[in-house]
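Just below is one structure, and these are the notes that go with it.
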Amino acid sequence: MNENLSITQPFSGAPVALRARGLRHRFGQTEALRGIDLDVLAGEVLAVMGPSGSGKSTLLHMLAGVLCPDAGTVEYGGKVISDLGEVERSKLRLHEFGFVFQFGQLLPDLSAVDNVSIPLMLSGISRREALRRAREELGRLGLEDHTSKLPGQLSGGQAQRVAVARALATQPRILFADEPTGALDSLSAEQTMQALISVVRQAGASLVIITHDPRTAAYADREVIVRDGSISSGNPVQVTQ
Ligand SMILES: Nc1ncnc2c1ncn2[C@@H]1O[C@H](COP(=O)(O)OP(=O)(O)OP(=O)(O)O)[C@@H](O)[C@H]1O
Ligand SMILES: [Mg+2]
């Protein structure tokens, strides 16, 4: 039996959380995306792999409503994201989606707990409650002893776990991660991935994770490969629909 089938089994009946169809995008002369169809199922971990410059980050930004496609649609919650105004799209990014990048995402002058509490306060939660939830989220990621440290006082792996805590604090339905372990040594990458997967599974959120590392991709339920702006392998859409 196809290995992919057995891997996708737990999600074979899961609803589609995000549906992308016919995504195309150009940066000047560069055709970054050449017509991508992709479903993200509720609760799945989807790895996006492929060579440098193939369009992975562009695709992620488009799925998350950071960039609007030249053509094609991304549907979330019954709405086409690119039809929404900027205000509505930022609300979506704040409340429904979370983001983790390779590095440089924590505010250097704020402690771990303050970094995690910021998106909560932005979404209207009081400072006191935001700090309580931020400590709880950091605890889930094994960082209870590091809450008052500045990013510069944390190891690379700890800092990435703070970034994961911050992304998950607002309880997003979909977490987008662009090479979140790309700057870490293999042990820290492993620990960060384990923590990331565990909290995502607990939350029942979907995770779309770009990675070059097959060991990171091994945590995924499903994998697609982007080459030259198209999906070249994997099952990008649900075949039963
Ligand atoms: N803002 C931009 N302006 C111009 N060209 C861009 C821009 N962003 C991306 N590109 C181009 O679009 C193509 C796809 O870039 P993208 O960043 O999506 O690749 P990637 O697969 O994420 O690569 P990597 O693995 O190196 O991060 C590349 O040729 C890149 O040079
Ligand atoms: Mg990239």
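Just so you know, ligand 1 is whichever comes first in the structure, and atom 1 is the first atom listed for that ligand.
Scanning the protein for heavy atoms near atom 25 (O) of ligand 1, the closest one is Lys56 NZ, 2.7 Å. From the protein, the heavy atom lying nearest to atom 26 (O) of ligand 1 is Ser52 OG, 2.6 Å. Ranking protein heavy atoms by distance to atom 11 (C) of ligand 1, first place goes to Phe27 CD1, 3.9 Å. What sits closest to atom 15 (O) of ligand 1 on the protein, heavy atoms only, is Thr58 OG1, 3.8 Å. For atom 17 (O) of ligand 1, the closest non-hydrogen atom on the protein side is Ser57 CB, 3.8 Å.
With salt bridges taken as basic N to acidic carboxylate O contacts below 4.0 Å, none links Arg166 and Asp114. A salt bridge is absent between Glu136 and Arg133: the closest approach of a Lys/Arg side-chain nitrogen to an acidic carboxylate oxygen does not fall below 4.0 angstrom. A salt bridge links Arg140 with Glu137; the closest basic N to acidic carboxylate O contact falls under 4.0 Å. At a threshold of 4.0 Å, the pair Asp39-Arg222 does not count as salt-bridged, since none of the basic side-chain nitrogens sits closer than that to a carboxylate oxygen.
Taking only non-hydrogen atoms, the option from Gly28, Gly182, Gly53 nearest to atom 20 (P) of ligand 1 is Gly53.
Not a single N/O/S atom of Thr58, whether from backbone or side chain, sits less than 2.8 Å from the Mg ion (ligand 2).
Note: Phe99 and Phe101 have parallel aromatic rings, judged against thresholds of 30 and 60 degrees for the angle between ring planes.
Looking at ligand 1, you won't find any N or O of Thr30 less than 3.5 Å from one of its N or O atoms. Taking any N or O of Ala32, backbone or side chain, none lies under 3.5 Å from an N or O belonging to ligand 1.
Counting the atoms of ligand 1 from 1 in the order shown, those under 4.0 Å from a heavy atom of His212 are 25 (O). Here is the list of ligand 1 atoms found below 4.0 Å of a heavy atom in Pro51: 21 (O).
Residues Val164 and Tyr219 fall within the same hydrophobic cluster, defined by Ile, Leu, Val, Met, Phe, Trp and Tyr side chains chained together at heavy-atom separations under 4.5 Å.
Between Thr58 and Phe27 there is a side-chain heavy-atom pair separated by less than 4.5 Å. Between Gln153 and His146 there is no side-chain heavy-atom pair separated by less than 4.5 Å.
Side-chain contact of Gln102 with Gln160: a donor-acceptor pair under 3.5 Å is absent, judged by distance alone.
In this structure, atom 31 (O) of ligand 1 has its sub-4.0 angstrom surroundings free of protein heavy atoms. Within the 4.0 Å cut-off (strictly below), a protein heavy atom is located near atom 7 (C) of ligand 1.
Under a 4.0 angstrom heavy-atom cut-off, Glu179 registers as being in contact with ligand 1. Taking a 4.0 Å cut-off on heavy atoms, Gly50 fails to register as neighbouring ligand 1.
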Review point. Could you walk me through whether Arg132 and Glu129 pass the salt bridge (Lys or Arg N to Asp or Glu O under 4.0 Å) check?
Key: CA-CA 5 Å; Arg132 189 193 66 75; Glu129 174 63 10; 2.9 Å; yes

